[in-house]
Undergrad: 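Pasting a structure below so you can have a look.
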Amino acid sequence: EDQVTQSPEALRLQEGESSSLNCSYTVSGLRGLFWYRQDPGKGPEFLFTLYSAGEEKEKERLKATLTKKESFLHITAPKPEDSATYLCAVQRGSQGNLIFGKGTKLSVKP
Amino acid sequence: DAGVIQSPRHEVTEMGQEVTLRCKPISGHNSLFWYRQTMMRGLELLIYFNNNVPIDDSGMPEDRFSAKMPNASFSTLKIQPSEPRDSAVYFCASSFGTSGEQFFGPGTRLTVL
């Protein structure tokens with residue numbers, strides 16, 4: 001069965017304290033792995049797509065990496081505005097639908 | 001572009017009543033997705049359409065739930081009769097083709113008393 005597990009469930013950081021979020025997945029025929037950000041009271045917002053092991057993508061203080069079994073979202077010198085829930089999702093085969101993990105809620109204190 | 005539009009934003013109803021949620025996807029997108037989000041189960045896909053045709057409805061909980069997409073610019077998700085366990089935030093999302101880059105609406109927070 002396809003499965004996406006994110007850890008930790010919640011993470012509290014001080015401003016400037018770098019860390020990583022983990023997304024472990026089990027899926028047959030991975031087509032792509034996606035990271036989304038969700039702010040309270042809003043819908044998820046797309047951040048990155050990763051297609052193959054070894055691939056990396058960067059956006060401001062965020063960098064996403066992918067291996068054959070997991071993906072990491074590295075946050076360098078985070079700011080309070082980075083506080084949000086980060087969701088990981090996988091897509092398999094030719095299907096359009098995504099399977100989401102339950103997310104990591106990140107809080108960055110000034 | 002206005003993005004994905006959902007209505008209503010909040011809905012409070014009583015058990016047994018019919019609930020209809022509405023969605024207008026981004027113009028030009030030909031895939032539309034309905035999701036449900038709860039604390040316990042996270043974000044779950046209910047159904048998705050491609051070119052107005054339902055492709056995968058395996059996530060629809062039971063016969064009380066139904067979804068339609070009569071044209072490329074409008075979709076509805078109906079719950080009849082509603083139950084308290086249906087309380088959740090329902091999101092609509094759209095994308096171009098089978099791209100995993102989906103654009104989500106603001107959601108409808110449904111409370112069934």
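These figures come from a predicted structure and were not determined experimentally. In what follows, every chain begins at residue 1, and chains take the letters A, B, ... in the order their sequences are listed.
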Undergrad: Take atom NZ in A:Lys57; do more than 12 heavy atoms of anything else shown fall under 6.0 Å from it?
TA: yes
Undergrad: Apply the test side-chain contact (heavy atoms from CB on, under 4.5 Å) to residues A:Lys42 and B:Phe104: give CA-CA distance (whole Å), side-chain angles for both, the deciding distance (0.1 Å), then the verdict.
TA: CA-CA 9 Å; A:Lys42 296 188 176 181; B:Phe104 283 75; over 6 Å; no
Undergrad: Would you say that more than 12 heavy atoms from the other residues, nucleotides or ligands in this model lie under 6.0 Å from the CD of A:Glu9, or not?
TA: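 Atom CD in A:Glu9 is not crowded, with 12 or fewer foreign heavy atoms closer than 6.0 Å.
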Undergrad: Check the hydrophobic clustering (I, L, V, M, F, W, Y; side-chain heavy atoms under 4.5 Å; chains of links allowed) and say if B:Leu45 and B:Leu32 are grouped together.
TA: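 Hydrophobic grouping puts B:Leu45 apart from B:Leu32.
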Undergrad: More than 12 heavy atoms of other residues, nucleotides or ligands under 6.0 Å from CZ of B:Arg64: yes or no?
TA: yes
Undergrad: Answer with side chain, backbone, both or neither: which region of B:Arg9 has an atom nearer than 4.5 Å to a non-hydrogen atom of chain A?
TA: side chain
Undergrad: Can you tell me how far CD of B:Glu101 sits from OG1 of A:Thr49, rounded to the nearest 0.5 angstrom?
TA: 6.0 Å
Undergrad: Can you pull out the residues in residues 88-98 of chain B with any heavy atom less than 4.5 Å from chain A?
TA: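 The residues closer than 4.5 Å to chain A, in numerical order, are B:Phe91, B:Thr98.
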Undergrad: Got B:Glu44 and A:Phe100 here, is their nearest side-chain heavy-atom distance under 4.5 Å?
TA: no
Undergrad: Membership question, hydrophobic clusters at under 4.5 Å side-chain separation (ILVMFWY): are A:Leu13 and A:Leu47 in the same one?
TA: yes
Undergrad: Would you say B:Leu77 ends up clustered with A:Leu98 if hydrophobic residues are merged whenever their side chains have heavy atoms under 4.5 Å apart, either directly or through other cluster members?
TA: no
Undergrad: Does any non-hydrogen side-chain atom of B:Tyr35 lie less than 4.5 Å from one of A:Asn97?
TA: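 They are not in contact (no side-chain heavy atoms under 4.5 Å apart), so the answer is no.
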Undergrad: Atom CD of residue position A:Glu15 - does it have more than 12 heavy atoms of other residues, nucleotides or ligands inside 6.0 Å?
TA: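 Yes.
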Undergrad: Should the heavy atoms of other residues, nucleotides or ligands under 6.0 Å from CG of B:Asp63 be counted, would the total exceed 12?
TA: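 Open: at most 12 neighbouring heavy atoms sit under 6.0 Å from CG of B:Asp63.
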Undergrad: Find the one option among A:Pro44, A:Gly41, A:Gly103, A:Gly32 whose heavy-atom pairs under 4.5 Å with chain B are most numerous.
TA: A:Pro44
Undergrad: Is any side-chain heavy atom of A:Gln38 closer than 4.5 Å to a side-chain heavy atom of B:Gln37?
TA: yes
Undergrad: Using 0.5 Å steps for rounding, measure from the NZ atom of A:Lys102 to the CE atom of B:Met40.
TA: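 Output value for this atom pair is 6.0 Å.
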Undergrad: Check each atom of A:Tyr36 against the heavy atoms of chain B and say whether the ones under 4.5 Å are side chain, backbone, both or neither.
TA: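 The side chain, not the backbone.
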Undergrad: Quick check: is B:Ile79 connected to B:Val112 through a chain of hydrophobic side chains (ILVMFWY, heavy atoms under 4.5 Å apart)?
TA: yes
Undergrad: Heavy-atom count around A:Arg12 CZ within 6.0 Å, excluding the residue itself: above 12?
TA: no
Undergrad: Using 0.5 Å steps for rounding, measure from the CG atom of A:Leu87 to the CG atom of B:Leu43.
TA: 6.5 Å
Undergrad: For residues A:Leu21 and A:Leu50: do they belong to one hydrophobic cluster (side chain heavy atoms under 4.5 Å, members Ile, Leu, Val, Met, Phe, Trp, Tyr)?
TA: yes
